[in-house]
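The structure under discussion appears below in the form of structure tokens.
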Amino acid sequence: MSKEKQEEPVIKGESMSFIEQFIVDDLQNGKNEGKIVTRFPPEPNGYLHIGHAKAVCLSFGMAKKYGGKCNLRFDDTNPEKEDVEYVDSIKEDIKWLGFDWEDREYYASDYFGRLYNFAVDLIKIGLAYVDDQPAEVISEQKGLPSRPGVESEYRKRTIDENLGLFERMNKGEFEEGSRVLRARIDMSSPNMHMRDPIIYRILKTPHHRTGDKWNAYPMYDFAHGQSDYFEGVTHSLCTLEFEVHRPLYDWFIDQLKTGDYRPRQIEFNRLNLNYTVMSKRKLLELVQEGRVSGWDDPRMPTLCGLRRRGYTPESIRKFVDLIGYTKVEAINDVSLLEHAVRDDLNMRAPRVFGVLNPVRVIITNYPEGKTENVEVINNPEDESMGKRTVPFSREVYIEQEDFMETPVPKFFRLAPGMEVRLKGAYIIKCESFRKNEKTGIIEEIYCTYDPETRSGANQSEKKVKGTLHWVSAAHAVEAEVRLYDRLFNHEDPAGQKDHDYREFLNPGSLQVVKGCKVEPSLKSAKHLEKFQFQRLGYFCVDPDTKSDHLVFNRTVQLKDTWTKLNR
RNA sequence: UGCUCCGUAGUGUAAUUGGCAACACGUCUGACUCUGGAUCAGAAGAGUUCAGGUUCGAGCCCUGACGGAGCAACCA
């Protein structure tokens with residue numbers, strides 16, 4: 001049996017990103033024996049966010065599309081920042097997104113031995129040396145981007161001395177910060193990264209996987225390319241800020257490689273979203289300072305946050321696909337992300353009735369105590385989702401917003417003397433209402449219904465402009481609904497000079513509405529199950545839901561031209 | 001004032017080896033509708049940062065400006 005369909009390797013006429021073009025060219029030229037291997041290399045120091053999703057989709061996506069493999073590799077070279085807690089969440093999030101690294105779960109720390117030996121080799125050929133100077137001095141000597149650096153006095157240490165010192169660094173004989181190993185390249189290079197970069201430093205914090213086995217740890221630049229090489233990675237895809245690291249990446253590969261094969265680093269633009277922050281540091285602060293409820297707060301751009309908010313993996317993949325991969329540093333509009341979920345959920349979310357701000361409607365000519373089960377379609381976009389019945393009775397709740405004592409022009413809803421259809425049931429006419437004169441709140445609305453207008457078989461000729469969602473008062477289930485707005489009220493909260501991003505936190509980003517009334521079928525809804533509350537938006541069941549307490553998160557509103565026009 | 005990268009409608013992306021700028025989202029019309037959603041039809045909106053050059057012809061090539069980003073962590 002064939003597994004999933006392999007897409008055609010060469011697509012004519014379809015536009016592909018410059019990265020895909022590179023891959024296709026390499027494949028056609030028979031480079032690396034016509035194989036493609038990519039990798040997704042997170043550092044386990046935080047939760048994955050939607051920016052990572054873009055990288056995941058690229059590396060796993062390209063491998064899948066062209067019959068290659070994508071490795072999951074944890075870039076765990078800094079024990080001070082990393083933790084297993086993050087490893088597990090990262091794996092969960094990648095799986096949720098729909099990608100599979102099979103048995104290729106690797107760790108940079110698995111290569112510490114080989115990396116160490118490579119460093120020793122570099123020392124032996126005079127391309128690395130131990131520097132005893134303090135950090136400030138080394139930094140000072142590096143010069144400025146516009147000024148060349150100066151060479152360290154330790155640059156001409158003998159090979160034997162370097163060998164001995166490096167070994168002792170790793171044995172733990174020296175204090176943190178007292179010595180580093182540096183590659184001996186060019187202190188006057190216009191590229192700062194080539195000015196004798198530090199490749200090993202002493203760290204005494206136990207590593208989450210190797211414990212206290214090592215005391216000298218490789219830096220990113222000394223681990224990444226080499227790890228790619230060890231794994232046979234052909235295309236090492238990363239974000240634009242690593243562009244200036246590429247010469248160093250290649251320099252190490254040059255020293256390391258023995259045959260024709262070499263990994264190639266290609267950089268693409270990172271994903272930026274407006275009205276949010278994306279840096280791990282800031283996200284961590286939001287969590288630690290209690291400004292959100294956790295990494296999975298539905299307002300967070302983390303994958304676990306988006307998942308809890310009700311986003312589907314499909315919608316995130318679609319969004320990523322929509323924004324593409326280029327070298328332009330773009331700021332993407334959240335509304336495009338919202339479009340992507342709406343588009344996805346429109347096809348798959350069953351429609352239900354839920355009233356957020358209920359007001360009671362009494363149908364005075366409907367028999368007291370009577371209940372009818374009306375039939376409604378679960379999803380007009382997908383007939384196979386079938387129908388369900390909803391109880392209808394003399395008293396129903398409708399949305400407060402759907403009634404106006406004195407309607408404005410083009411208000412197609414309920415108002416004294418006006419008729420509307422209760423979706424799936426009858427057309428009702430507002431005869432009167434009761435208002436609390438003190439508060440101005442409408443407390444009850446009195447209507448009559450037309451028995452001839454019941455939805456279904458013998459369709460009545462009568463047409464009305466408005467159709468409302470409703471819930472039978474006697475059968476309604478109480479629910480709490482959490483409405484979310486953007487976390488920040490500034491497009492680019494992190495990019496404002498002289499302003500801390502926290503100043504732009506949107507105080508109204510979470511609105512909890514209690515006492516909502518939803519149709520009885522929702523009583524059995526499961527965690528994260530998604531629905532469209534008709535006319536309102538897409539909602540999913542929050543994990544805080546208990547058997548006696550239903551909680552929904554609003555994923556996104558439906559497009560609403562009415563409120564837009566009347567704002 | 002060093003090096004690297006980038007500069008196409010409001011936003012994000014396209015434009016085969018140079019051949020008179022396309023798509024999506026958004027916006028605005030209209031149709032339809034038992035969701036003011038969806039769907040369908042249509043419209044407006046850039047002459048490709050600017051100035052030169054090469055060419056019969058340039059968003060694509062060259063030069064120079066201008067604008068933006070990244071690089072000066074014993075982070076990744």
Side-chain angles (χ1 to χ4, degrees), chain A residues 12-13 15-17 41-43 45 75-78 80-82 108 131 134-135 138-140 142-149 176-182 189-195 197-203 216-217 219-221 223-224 238-247 267 269 274 280-281 322-333 335-340 342-343 346-347 351 353 376-377 379-381 410-413 420-425 427 453 455-456 459 463-469 532-537 557-565:
Chain A
K12 256 226 148 105
S15 85
M16 50 175 87
S17 71
E43 181 184 17
N45 70 342
D75 227 334
D76 55 350
T77 56
N78 186 352
E80 290 180 346
K81 292 190 174 178
E82 297 149 8
D131 196 327
I138 291 178
S139 168
E140 182 69 22
K142 274 208 172 162
L144 294 169
S146 53
R147 299 245 178 293
E176 283 189 16
S178 63
R179 283 180 172 81
V180 291
L181 184 71
R182 303 177 70 181
S189 168
N191 183 339
M192 294 295 286
H193 297 278
M194 300 300 274
R195 325 244 260 227
I198 292 169
I199 58 179
Y200 265 91
R201 79 292 212 188
I202 299 168
L203 257 23
Y217 289 89
M219 298 284 290
Y220 164 85
D221 282 311
H224 203 97
C238 62
T239 45
L240 249 24
E241 66 270 26
F242 292 102
E243 223 153 15
V244 285
H245 292 245
R246 198 188 329 134
E267 310 85 9
N269 60 347
N274 56 13
K280 278 188 194 171
R281 198 202 90 222
L322 246 22
I323 62 178
Y325 299 88
T326 69
K327 303 191 79 162
V328 185
E329 299 194 42
I331 297 168
N332 297 284
D333 203 321
S335 63
L336 193 60
L337 214 210
E338 293 174 343
H339 161 77
R342 280 198 201 96
D343 200 48
N346 181 37
M347 300 310 293
R351 273 58 171 168
F353 293 150
V376 285
I377 291 167
N379 188 342
E381 306 294 325
K410 289 196 174 175
F411 184 77
F412 305 144
R413 310 182 200 175
V420 293
R421 173 173 291 282
L422 293 179
K423 186 167 174 67
I427 290 176
T453 59
S455 301
Q459 203 72 256
K463 296 272 183 197
V464 287
K465 268 286 204 185
T467 302
L468 306 185
H469 60 280
Q532 184 197 91
F533 284 13
Q534 291 222 291
R535 301 209 303 134
L536 297 179
Q557 282 178 282
L558 250 31
K559 278 211 287 189
D560 180 1
T561 46
W562 165 256
T563 50
K564 195 190 292 176
L565 286 174

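Sequence lines set the chain letters: A, B, ... in the order given, protein chains first and strands last, and positions in each chain run from 1. Both backbone and side-chain heavy atoms feed into the values below; hydrogens, waters and symmetry mates do not. Computed from a predicted structure; not experimentally measured.
- Nucleotides B:U39 and B:C20 place their P atoms 32 Å apart, quoted to the nearest Å.
- If you measure from atom CZ of A:Arg246 to atom C1' of B:C3, you get 13 Å, rounded to the nearest angstrom.
- Note on A:Gln532: a base of the nucleic acid sits closer than 4.0 angstrom, heavy atoms only.
- Between the side chain of A:Arg351 and the backbone N or O of A:Val376, no donor-acceptor pair lies under 3.5 Å.
- Each of B:A72, B:A38, B:U35 was ranked by its minimum atom distance to the side chain of A:Leu144; first place goes to B:A72.
- Counting atom types as modelled, A:Arg413 pairs a side-chain N or O with a base atom of B:G36 as donor and acceptor under 3.5 Å.
- A:Arg195 places a side-chain N or O within 3.5 Å of a backbone atom of A:Lys142 that can act as its donor or acceptor partner.
- Within the 4.0 Å cut-off from OP1 or OP2 of B:A73, at least one side-chain nitrogen or oxygen of A:Ser139 is found.
- Both geometric conditions, a ring-centre gap below 5.5 Å and a plane tilt below 30°, are fulfilled for A:Trp562 over the base of B:G36.
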* Asked: Dot-bracket for RNA chain B: what is it, with Watson-Crick or G-U pairs under 3.5 Å, [ ] where a pair crosses earlier ones, and | for a pair to another strand?
  -> .((((((..((((.....[..)))).(((((.......))))).....(((((..]....))))))))))).....

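- Nearest-nucleotide positions on RNA chain B place A:Leu468 closer to the 5' end than the other of A:Arg201 and A:Leu468.
- In this structure, A:Lys423 reaches the bases: a heavy-atom distance under 4.0 Å links it to at least one base atom across the strands shown.
- Put simply, NZ on A:Lys564 is 10 Å from C1' on B:C28, counting in whole angstrom units.
- Between A:His245 and A:His193, the ring planes are tilted. Angles from 30° to 60° get that label.
- Summarising the geometry, the separation between CZ on A:Arg281 and P on B:C75 is reported as 16 Å, rounded to the nearest angstrom.
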* Which is it for A:Ser189 and A:Asn191 under the side-chain hydrogen bond (donor to acceptor under 3.5 Å, both in side chains) test, yes or no, and what are the steps along the way? -> CA-CA 5 Å; A:Ser189 168; A:Asn191 183 339; 5.5 Å; no

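- Across B:G12, B:A72, B:A14, the shortest atom-to-atom separation from the side chain of A:Asn332 is found for B:G12.
- Contacts of A:Asn269 with the nucleic acid, taken as non-hydrogen atoms under 4.0 Å apart, involve only primed sugar atoms and P, OP1 or OP2.
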* List the steps and the verdict of side-chain contact (heavy atoms from CB on, under 4.5 Å) for A:Arg413 and A:Trp562. => CA-CA 11 Å; A:Arg413 310 182 200 175; A:Trp562 165 256; 2.6 Å; yes

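- The phosphate of B:C23 has neither OP1 nor OP2 within less than 4.0 Å of any side-chain N or O from A:Ser15.
- Contact annotation for A:Ala330: backbone-only contact, meaning every heavy-atom pair under 4.0 Å involves sugar-phosphate atoms and none involves a base.
- Residue-level contact check: A:Ser189 touches neither bases nor backbone, having no heavy atom under 4.0 Å from any strand.
- Glycosidic conformation of B:G47: syn, with the torsion inside 90° of 0.
- In this entry the distance linking CG of A:Leu203 with P of B:A76 reads 9 Å, nearest Å.
- Residue contacts for A:Lys410: at a heavy-atom cut-off of 4.0 Å it reaches a base atom on one of the strands shown.
- The side chain of A:Leu322 lies closest to B:A24 when the candidates are B:A24, B:U13, B:G2.
- A:Glu241 has its CD atom 16 Å from the C1' atom of B:A72, to the nearest Å.
- Out of B:G36, B:C5, B:A76, the shortest distance to the side chain of A:Tyr220 is found at B:A76.
- No N or O donor and acceptor, one from the side chain of A:Glu381 and one from the base of B:U39, sit under 3.5 Å apart.
- When each of A:Arg351 and A:Lys559 is assigned the nucleotide of RNA chain B with its nearest heavy atom, A:Arg351 is the one assigned upstream, toward the 5' end.
- Among the heavy atoms of the strands lying under 4.0 Å from A:Gly424 is at least one base atom, whether or not backbone atoms are also near.
- Nucleic acid contact class of A:Pro247 (heavy atoms, under 4.0 Å, all strands): none.
- Looking at heavy-atom distances under 4.0 Å, A:Arg147 makes no contact with the nucleic acid at all.
- Residue A:Gln534 is in base contact, counting any heavy-atom pair closer than 4.0 Å across all strands shown.
- Within 4.0 Å (heavy atoms only), A:Pro380 reaches at least one base atom of the nucleic acid.
- Using modelled atom types, no side-chain atom of A:Asp75 and backbone atom of A:Ala108 make a donor-acceptor pair closer than 3.5 Å.
- In this structure, the CD atom of A:Glu338 is 13 Å from the P atom of B:A38, given to the nearest Å.
- Whole-Å rounding puts the A:Glu43 CD to B:C75 P distance at 10 Å.
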* Asked: So A:Lys327 and A:Leu240, side-chain contact (heavy atoms from CB on, under 4.5 Å) or not? Walk me through it.
  -> CA-CA 7 Å; A:Lys327 303 191 79 162; A:Leu240 249 24; 4.0 Å; yes

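- Between A:Pro197 and A:Met219, the closest side-chain pair of non-hydrogen atoms is not below 4.5 Å.
- As judged by a 4.0 angstrom heavy-atom cut-off over every strand, A:Val244 is placed among the base-contacting residues.
- For the pair A:Asn78 CG and B:A73 P, the computed distance is 16 Å after rounding to whole Å.
- Between the side chain of A:Asp131 and the backbone N or O of A:Val180, no donor-acceptor pair lies under 3.5 Å.
- Regarding contacts with the backbone of B:C25, every side-chain N or O of A:Ser335 stays at 4.0 angstrom or more from both OP1 and OP2.
- Base contact: A:His245 has a heavy atom under 4.0 Å from a base atom.
- Across all strands, A:Tyr217 comes closer than 4.0 Å to no nucleic acid atom at all (heavy-atom distances).
- Checked for salt-bridge contact, A:Glu43 and A:Lys81 miss the test: no charged N lies under 4.0 Å from a carboxylate O.
- To the nearest whole angstrom, the two C1' atoms, one in B:C75 and one in B:C71, are 15 Å apart.
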